[in-house]
Chemist: 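I'd like to ask some things about the structure below.
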Amino acid sequence: MEPPTGFYASLWSFIRFLPFFIGLLLLGNIKGILLFPLICLLITIGNSAIILGLWTAHVVWTYYCVVRAKQLGPLLKIVICLCVLPVLLILLPLVGIVGSVVGGAAYGFLSPIFATFEAVEEGKDDKLFHCFIDGTWSTVEKSCMVVRDVRDVSFHSYFSVMDDLRQKGPPNAKYYEIRLLYLPGALIAAVIGIMVDVLIISFVAICKGPYMLFKGWHRLFHDLIGREGPFLETICVPFAGLAILLWPLAVAGAVLASMLASFFLGAYAGIVAYQESSFLLGLSYVVAALAIYDEYSNDILDMPEGTCFPRPQYRKKVDSSQKTSHSNSISRPSSFRKAPSRSSSMNNNIAEWKSFELLDALFKECCRVGEKMVSEGIISGKDIEEAKSGKGNYVVSIGLPAYCLLQGLLRSAKFNSVGILISDDTELTTTNRPREIFFEWFLNPLLIIKEQIKAENLSATEEDYLGKLVLLSGDAERFKKSSIGLAPESEVKRAELDALARRLQGITKSMTRFPTFKRRFDNLVKSLSDDLTQMHGPIMTRSKSAFARLVTFKSFKGTKTNGSGRGSQHVVRDLENS
């Protein structure tokens, strides 16, 4: 529903809204006060037990993997083992337990408040009942999921990362080592950077603080009267109103954060001097850091672009992304370029995908494709049992998600999509991608692989072979025995396809370390196991026609299959509930 236009209409609407809003806020606070001790206790005890119970194993295994790491030189290993690891391993339980206490209390208090306001959104039935019920048991369930995700990270993600550190060979046959010759210059550059940058950046931040204070108040009061921006949705009103009261604290926090960040910005000059083997380039970074901060703060505050500080080049090799004019500042977020649309709604428009939503879409696609592979006999009962037992079957744990990503890349390349068609109803582009920085670690390489696939102009046979590489290359014996997707005659083409498959598998392996990945993967394996149980009879043997039908162009058109099994419905339901 559109908010009223005009000052008096907006003011009258706001006055009528106040009793309704205050009632919801009181009810949400009552539920939060009642629940947050239980949720805080549950998350704190669960996470603390996991962290403390595995701390000894983590200490021993971390030292063992660092000592055995092939990528690190002897001197670097000594420094890491004596100076770095003791600090990190001592801080790990402290930070984990304190974070669990604070995070559990905040989640236990805020989650019922959010759920109370969500219960009165448009399109929901029996709103009064849901105002009292929503955010109670669901908060307890999600807190248990948090503890389970911490367990998965501590068991699965940690050991996966450390195994890579221990087993991976050095890049370009050269291991990382400390170059003692350049350490004195790097230390001096770091000290100079801290002295200069902390002083000047702190002064700039203090000068821009009043501008940020009054500009923020002006925008928030304007949105309050007109029910725009953060005040448009009912669920956001309490937090937007709280932002008006606490805005001075937010400004003070931003100034203090700038002062703290200036220490690290200045210290990075030592890293630049060490990496570039040049003390002068380290000093150049000290000056360039001032311009970088000034440009970034101007963009955040919607001030005129540019900076009064010089920005000298501090790298010997400049990336293409850095070959811009010194006057060009960081791209301004879209929220500063135009005011939010009055008609935008959290219910009707999703401006951008969230990381968890994309992960859900990927697993729904894995469920659909995995169900078909089970029926065709490509995924065997042994694969599923190994995945269920935690042995880490490569075909199911890495091959299947990587194969589904390959489907999306092939589909996107064939239809000239600007992004990636993950599934029939999910397209990921640079405009709707999640805004988390770490997500770019996955998206940018996938977009590059898509362009490489498009440039390769693969034939149907080559697509079959690439699909077999992605799915089965982790099982060398099955890969050799399989006659599906014959290898191209050209050695160059085979090498190119091998490289694409390895990169795609590496990206997928990194995604498996995502905190909620293991929980969704367990639901997927359970669904595949249920499908296998319902088949009654021997598993069909793999055949060339079965695999070819799965990887040829027709299977990449994104057509929906009719009558999907109960297993896929089960996973979709589990993913939506998670």
Side-chain angles (χ1 to χ4, degrees), residues 1-26 28-29 32 106 109-110 113-114 116-118 200-262 290 292-308 329-346 349 351-352 435:
M1 183 178 64
E2 288 285 338
T5 58
F7 175 78
Y8 293 105
S10 300
L11 183 61
W12 175 243
S13 175
F14 177 73
I15 293 174
R16 288 189 305 167
F17 173 73
L18 275 178
F20 174 69
F21 160 71
I22 293 174
L24 290 176
L25 183 60
L26 289 176
N29 277 275
F109 180 73
L110 295 178
I113 298 178
F114 274 109
T116 302
F117 281 91
E118 288 176 345
I200 298 180
I201 289 178
S202 299
F203 176 75
V204 173
I206 292 174
C207 291
K208 293 184 178 181
Y211 180 85
M212 180 180 179
L213 176 66
F214 291 106
K215 185 177 181 63
W217 265 343
H218 176 268
R219 180 60 182 268
L220 288 172
F221 277 111
H222 178 272
D223 292 343
L224 172 65
I225 298 299
R227 289 294 308 280
E228 293 179 314
F231 294 90
L232 180 62
E233 293 292 339
T234 306
I235 187 176
C236 298
V237 170
F239 306 99
L242 191 63
I244 294 178
L245 300 177
L246 300 182
W247 186 245
L249 294 180
V251 173
V255 173
L256 292 176
S258 297
M259 295 179 178
L260 179 62
S262 65
L290 302 176
I292 293 173
Y293 172 80
D294 194 32
E295 289 179 351
Y296 180 77
S297 60
N298 287 343
D299 284 331
I300 292 296
L301 298 176
D302 199 20
M303 298 176 68
E305 296 182 356
T307 175
C308 59
S329 59
I330 302 172
S331 298
R332 187 173 299 172
S334 58
S335 58
F336 290 104
R337 291 176 181 169
K338 60 180 181 179
S341 172
R342 301 176 70 96
S343 61
S344 61
S345 171
M346 290 167 55
N349 279 326
E352 61 188 42
R435 297 304 171 188

Chemist: Looking at every non-hydrogen atom in both residues, tell me the closest pair between Tyr211 and Leu301 and how far apart they are.
Modeler: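 It is CE2-O, 3.6 Å.
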Chemist: So that I can tick it off, tell me whether Arg219 and Asp302 are bridged by a salt bridge, with the cut-off set at under 4.0 angstrom between side-chain N and carboxylate O.
Modeler: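 Looking at Arg219 together with Asp302, the answer is no, because their closest N to O distance does not fall below 4.0 Å.
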Chemist: Partners of Ala254 by side chain to side chain contact (heavy atoms under 4.5 Å, CB included), sequence neighbours excluded?
Modeler: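 Ala254: side chain to side chain contact (heavy atoms under 4.5 Å, CB included) contacts with Met212.
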Chemist: With rounding to the nearest 0.5 Å, note down the distance linking NZ in Lys215 to NZ in Lys208.
Modeler: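 The distance works out to 13.0 Å.
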Chemist: How far does CG of Leu256 sit from CG of Leu249, to the nearest 0.5 angstrom?
Modeler: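 So the CG of Leu256 and the CG of Leu249 are separated by 10.5 Å.
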Chemist: When you compare the side chains of Ser258 and Tyr293, does any donor N or O come within less than 3.5 Å of an acceptor on the partner?
Modeler: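 Distance-only check passes for Ser258 and Tyr293.
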Chemist: Roughly how far, to the nearest 0.5 Å, is CG of Asn29 from CD1 of Ile113?
Modeler: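 If we round to the nearest 0.5 Å, Ile113:CD1 and Asn29:CG are 4.0 Å apart.
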Chemist: What pair of heavy atoms forms the shortest contact from Pro210 to Cys207, and how long is it?
Modeler: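 Of all heavy-atom pairs spanning Pro210 and Cys207, the closest is CD-O, 3.5 Å.
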Chemist: So with a 6.0 Å cut-off around CZ of Phe214, is the heavy-atom count from everything else above 12?
Modeler: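 No, CZ of Phe214 has 12 or fewer neighbouring heavy atoms, counting only those of other groups under 6.0 Å.
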Chemist: Could you tell me whether a side-chain N or O of Asn298 sits under 3.5 Å from a main-chain N or O of Gly306, the two making a donor and an acceptor?
Modeler: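 Answer holds: yes.
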Chemist: Working to the nearest 0.5 Å, report the span between CG of Asp294 and CG of Leu290.
Modeler: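 It is 8.5 Å, given to the nearest 0.5 Å.
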Chemist: Taking only residues two or more places apart in sequence, or in another chain, which ones meet Thr116 in a side chain to side chain donor-acceptor pair (under 3.5 Å)?
Modeler: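 Partners of Thr116 under the side chain to side chain donor-acceptor pair (under 3.5 Å) test: Lys31.
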Chemist: Between Trp247 (side chain) and Leu213 (backbone), is there a donor-acceptor pair under 3.5 Å?
Modeler: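 At least one qualifying donor-acceptor pair exists.
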Chemist: Ile206: what forms a side chain to side chain contact (heavy atoms under 4.5 Å, CB included) with it, not counting sequence neighbours?
Modeler: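 Once residues adjacent in sequence are excluded, the partners of Ile206 under the side chain to side chain contact (heavy atoms under 4.5 Å, CB included) criterion are Val255, Met259.
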